[in-house]
Amino acid sequence: ARGAAQSVSITSQGELVLAPDSSRIETGEISVWSSAVDSDGRLYVGTGNNGRIFRYDGTLKELFSSNESLIITCMAQGPGGVIYAGAIPSGKIYKISSDGAVSEFCTLPDPYVWKLACSPDGFVYAGTGPAGKLYMVDQSGKSEVWLTTDENHIMSVALDENGDLYCGTSLSGLLIKVTRKGAYGVIADLDENEIRSMSVSRGVLYMGANKARKFDMDRFVRKLKFAAQKAKEGEDVESPFKDLFDGTIYRMDASSGELRVMYRFGKTYVTDIAAGGAAGEVIASSGDEGKVYKASDSGVSAVLMKVEEN
C-alpha cells in the first residue's frame, strides 16, 4: 500500500527533509486568489467569488466585501505599509491602509486586473485584459496606459532590483521587458500560452507558465460566476480550472538571457510562484492537486505540502 508523508517532504532524489509547518484558516469563501504580507507581518487575502478582503494577525477579520468585484485577483505591498488589491471584472484597484481601512484607489478602463507591482517611488503597475494593456497609476489614483501589446492579457508583472519592469502575457506566452512608456522588447517566446506568475531574486527571473489545452477567458469568467451562484445555493461545484492547463517553471538570468526549464508539472497548472529564501530556490503552488512545490537551480524538487482543496 502507498503511504503518505507526514511532516516531511521527499525530494526528487529520494531524500527526506522536514516539511514546513502549516495551519488552516477558514474564510468561508469558495476560493482564495491572492495574498500579501504588510510590514508588520500581517497577512491579507483576497477571495472569490464575493470579492472579499480579509486580514489575519492571529484572528481573521473581514475588511471589505464588494458587489461589483467578483474576485480579488492580486495584491501587492506598496511604500509605507499600504497594500493594493486588484479585482475582476470591475477593473478596480483597492487601497488597504495600515489600520485596515479599504478604499477604492481607481477604476481602470479594462475589466480584468490580473497583477500588480509597486515601485519604491509609489507607482502601481497593473497588468490587465482583455486588451493586453499595462497601466501605471500614481499615488493620487490617476491612471494612464503605460504599454499596449498585441496580446489579450498581461497576466504577470514584476520589478527587479534595478527597477527594470517585466510582463508576462496570455495568448502567446511572451516575456517582455518594458524599456520606457509605450516601448518594450520581447525577450522570450515560450511554448506555453500564458505566463501566469513571475518573481525576481538575485538577478534571476522565475516564471510560472501554463499551456492551455482549450481555454477562452470570457467563457472562464462565466464559469466562475456560475460556480459562485451554485456555491451560494449550497451545491458542490467542480473547479473551473479543472483540466485546463499543463504547467512549467522557468528561470532566466537577467544579464545573460539564459533561459531553461526548472520543473514541469504535467497534468496540472501553476497558480503562483515566489522566489524562495535560499538562492536559486522557488516556491510554486499548483491547481487541481492542491500542492505546494519547491524547485531549485540544482534540479532538485520536492512537494512541500498538500492541502485538501484543489
Side-chain angles (χ1 to χ4, degrees), residues 34-39 44 46 73-86 93-96 105-106 108 110 113-129 132-149 151 153-170 173-188 190 194-209 249-257 259 270 272-277 279-284:
S34 56
S35 63
V37 177
D38 69 12
S39 54
Y44 296 79
T73 50
C74 52
M75 290 184 169
Q77 183 181 0
V82 172
I83 302 293
Y84 295 95
I93 299 176
Y94 302 99
K95 183 177 182 179
I96 311 168
F105 183 53
C106 69
L108 300 179
D110 295 277
V113 181
W114 292 117
K115 196 67 175 180
L116 301 176
C118 300
S119 66
D121 51 359
F123 292 99
V124 179
Y125 294 93
T128 69
K133 293 180 181 179
L134 176 73
Y135 288 86
M136 187 192 74
V137 190
D138 66 20
Q139 292 184 341
S140 71
K142 180 182 178 182
S143 66
E144 61 177 306
V145 176
W146 200 248
L147 186 70
T148 300
T149 71
E151 296 289 280
H153 301 268
I154 293 180
M155 299 296 298
S156 51
V157 184
L159 283 158
D160 69 11
E161 294 92 338
N162 299 319
D164 293 325
L165 182 63
Y166 297 89
C167 299
T169 73
S170 173
L174 303 180
L175 173 63
I176 61 181
K177 182 177 180 179
V178 183
T179 53
R180 63 182 186 279
K181 180 180 178 181
Y184 69 93
V186 176
I187 57 176
L190 305 184
E194 68 165 19
I195 301 176
R196 174 65 63 90
S197 181
M198 292 193 291
S199 184
V200 184
S201 178
R202 299 176 175 92
V204 177
L205 182 65
Y206 298 96
M207 295 168 281
I249 300 174
Y250 289 89
R251 74 179 304 281
M252 172 178 276
D253 187 284
S255 58
S256 69
L259 176 72
V270 187
D272 205 358
I273 64 170
E281 287 187 350
V282 62
I283 309 299

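Note that these values count all heavy atoms, side chains included, but never hydrogens, waters or copies made by symmetry. A quick note: this is a predicted structure, and the numbers were derived from the prediction, not measured.
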query = When rounded to the nearest 0.5 angstrom, what distance separates CG in Leu134 from OG1 in Thr149?
reply = 9.0 Å

query = To the nearest 0.5 Å, what is the distance between CG (Asp138) and CG (Asp121)?
reply = 11.0 Å

task = Measure the spacing between OH of Tyr250 and CD1 of Ile195 and express it to the nearest 0.5 Å.
result = 9.0 Å

key: Minimum heavy-atom distance between Ile249 and Ala284, given as atom pair plus value   = CD1-CB, 3.6 Å

inquiry  = Taking Glu151's backbone N and O only, do any of them form a donor-acceptor pair with Thr169's side chain (distance below 3.5 Å, no angle check)?
reply    = no

message = For a salt bridge (Lys or Arg N to Asp or Glu O under 4.0 Å) check, start with the C-alpha distance between Glu161 and Arg202, then their side-chain angles and the critical distance, and finish with the verdict.
response = CA-CA 8 Å; Glu161 294 92 338; Arg202 299 176 175 92; over 6 Å; no

Contact summary for Ala183 and Leu147, nearest pair of heavy atoms = N-CD1, 3.8 Å

ask   = If you measure from the Lys or Arg side-chain nitrogens to the Asp or Glu carboxylate oxygens, is any gap between Asp164 and Lys177 under 4.0 Å?
value = yes

remark   = For Val137 and Ser143 the tightest heavy-atom approach is CG2-CB, 3.9 Å

remark   = Smallest heavy-atom separation, Tyr84 atom then Cys118 atom, equals CD1-SG, 3.6 Å

key: Interatomic distance, Ile154 atom CD1 to Ile176 atom CD1 [nearest 0.5 angstrom]   = 5.0 Å

query = Tell me, do Met207 and Leu175 make a side-chain contact under 4.5 Å, heavy atoms counted?
reply = yes

remark   = On a heavy-atom basis, the closest approach of Gly86 and Val113 is CA-CG1, 3.8 Å

query = Out of curiosity, Leu205 CG to Met198 CE, how far, rounded to the nearest 0.5 Å?
reply = 6.0 Å

message = How long is the straight-line distance from CE of Met155 back to CH2 of Trp114, given to the nearest 0.5 Å?
response = 5.0 Å

task = Examine Tyr135 together with Tyr125 and report whether their ring centres are nearer than 6.0 Å.
result = no

message = Give me the atom names and distance for the closest heavy-atom approach of Ala117 to Leu159.
response = CB-CD1, 4.4 Å

